[in-house]
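Note sheet for the following structure.
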Amino acid sequence: MAKFLFVTDLDNTLVGDDQALVELNDRLHQHRQQYGTKIVYATGRSPILYQQLQAEKNLLEPDALILAVGTEIYINGNDSFDPTWAEKLSEGWDRNLVLSITDKFPQLQLQPNSEQRPFKVSFFLTQEAAVFVLPLLKSELLQSGLNIKLIYSSGIDLDIVPDRSDKGQAVQFLRQKWQFVAQKTVVCGDSGNDIALFATGSNEQRGIIVGNARPELLEWHARHPADHRYLAKNFYAGGILEGLQYFGLIE
Ligand SMILES: [Mg+2]
């Protein structure tokens, strides 16, 4: 056994089955103690919503946190986000300009204040409206010279973030910082905003899709099958455990 970089989404990936979570936590905690494995959570949650879940589910203290869909990275329990990463995101990003454009779309309903972040503007958008709103909105934002992208997830959440920002690129930033090879890096997810986790980086990087994954991720996986990505039969933390064993990262 050797250390590896473990990266997981939280909602409906790590969290969802309390009993399986306790077992996985045990294994990961031991592995970290014994080999120096690094544990990273990559979530769309803001700091406030992360802390709620952390307390509620008694999550292991991570070595790094990728929050707000990859726009903020917190290393070793630091209270403020990593400035090097923030610097990378600031080019071509203008929050007020984004808001002046989104204002023109009444179908976009602003999410609560806690979800509005320095490098993320978030809305609720119904699936029916998304079909025609997303292409129009995207073209207006790009025409104004913004370097942004839209991430639509779970049939309701729309995040507008800097183009360089997503969970996948944030993982590459940490992988390089901590010098893990792709074969010793594993990412886990369940939904559309995890596609970046699986799609970014060398094609040797391991991926685990939990058995309860949402249709948008399963469809993507079916279109881009790969030996280094494993679709688990088990759900939530049980699927992660299954995948880690499949790749020989744990016993
Ligand atoms: Mg999720």
Side-chain angles (χ1 to χ4, degrees), residues 5-22 24-25 28 39-60 62 64-74 111-112 114-115 117 120 122-125 127 130 149-161 165-171 174 185-201 205-222 224 229-244:
L5 174 57
F6 172 76
V7 181
T8 185
D9 168 56
L10 294 176
D11 292 278
N12 298 313
T13 301
L14 184 67
V15 172
D17 176 343
D18 290 346
Q19 206 180 332
L21 177 58
V22 168
L24 178 63
N25 277 350
L28 287 171
I39 299 170
V40 176
Y41 301 144
T43 174
R45 285 181 178 245
S46 60
I48 288 177
L49 293 183
Y50 165 70
Q51 280 151 16
Q52 283 175 8
L53 188 71
Q54 218 279 340
E56 190 184 318
K57 297 293 178 185
N58 198 20
L59 302 177
L60 291 177
L65 261 177
I66 297 169
L67 295 186
V69 208
T71 62
E72 300 169 25
I73 301 178
Y74 297 80
Q111 290 187 14
S114 65
E115 301 315 293
R117 306 294 306 165
K120 178 171 83 77
S122 294
F123 299 92
F124 296 120
L125 176 64
Q127 205 139 24
K149 66 180 164 196
L150 310 182
I151 302 172
Y152 187 56
S153 198
S154 306
I156 186 69
D157 294 315
L158 173 64
D159 299 316
I160 303 174
V161 299
S165 165
D166 59 47
K167 290 179 173 184
Q169 294 182 66
V171 168
L174 290 172
T185 301
V186 61
V187 299
C188 314
D190 78 293
S191 85
N193 76 20
D194 301 316
I195 290 174
L197 275 181
F198 296 111
T200 315
Q205 181 177 293
R206 309 314 190 206
I208 299 168
I209 297 178
V210 288
N212 56 289
R214 291 186 50 89
E216 72 263 15
L217 179 57
L218 293 173
E219 280 159 25
W220 178 84
H221 175 61
H224 307 84
R229 198 179 318 116
Y230 180 72
L231 176 56
K233 287 167 202 70
N234 290 302
F235 285 17
Y236 312 112
I240 295 176
L241 205 51
E242 180 190 330
L244 292 176

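In each ligand, atom 1 is the first atom listed, and ligand 1 is the first ligand listed. Start at 1 with the first residue, then count along the sequence. Quantities reported herein were computed from a predicted structural model and do not represent experimental measurements.
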For Asp159, side-chain hydrogen bond (donor to acceptor under 3.5 Å, both in side chains) partners two or more places apart: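 Checked Asp159 against side-chain hydrogen bond (donor to acceptor under 3.5 Å, both in side chains); matches are Ser122.
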In terms of side-chain heavy atoms, does Gln52 have a donor or acceptor partner in Tyr50 at a distance below 3.5 Å?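 Their side chains do not contain a donor-acceptor pair, so the 3.5 Å distance test is not met.
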No-hydrogen, no-angle side-chain donor-acceptor test under 3.5 Å, Glu115 and Ser46: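 Their side chains do contain a donor-acceptor pair, which is all the 3.5 Å distance test asks for.
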Between Asp190 and Arg214, is there a side-chain N and carboxylate O pair less than 4.0 Å apart?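 Looking at Asp190 and Arg214, the cut-off is not met.
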Holding to side-chain contact (heavy atoms from CB on, under 4.5 Å), I want the full list of residues that pass it with Tyr236, two or more places apart in sequence or in another chain.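 With neighbours one apart ignored, the set is Asn12, Asp17, Asn212.
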Keeping waters out of it, list the protein N, O or S atoms under 2.8 Å from the Mg ion (ligand 1).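 Sorted hits: Asp9 OD2, Asp11 O, Asp190 OD1.
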By ring-ring contact (aromatic ring centres under 6.0 Å, His included) - contacts of Tyr230 (at least two apart):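 Partners of Tyr230 by the ring-ring contact (aromatic ring centres under 6.0 Å, His included) criterion, ordered by chain and then number, come out as Tyr246.
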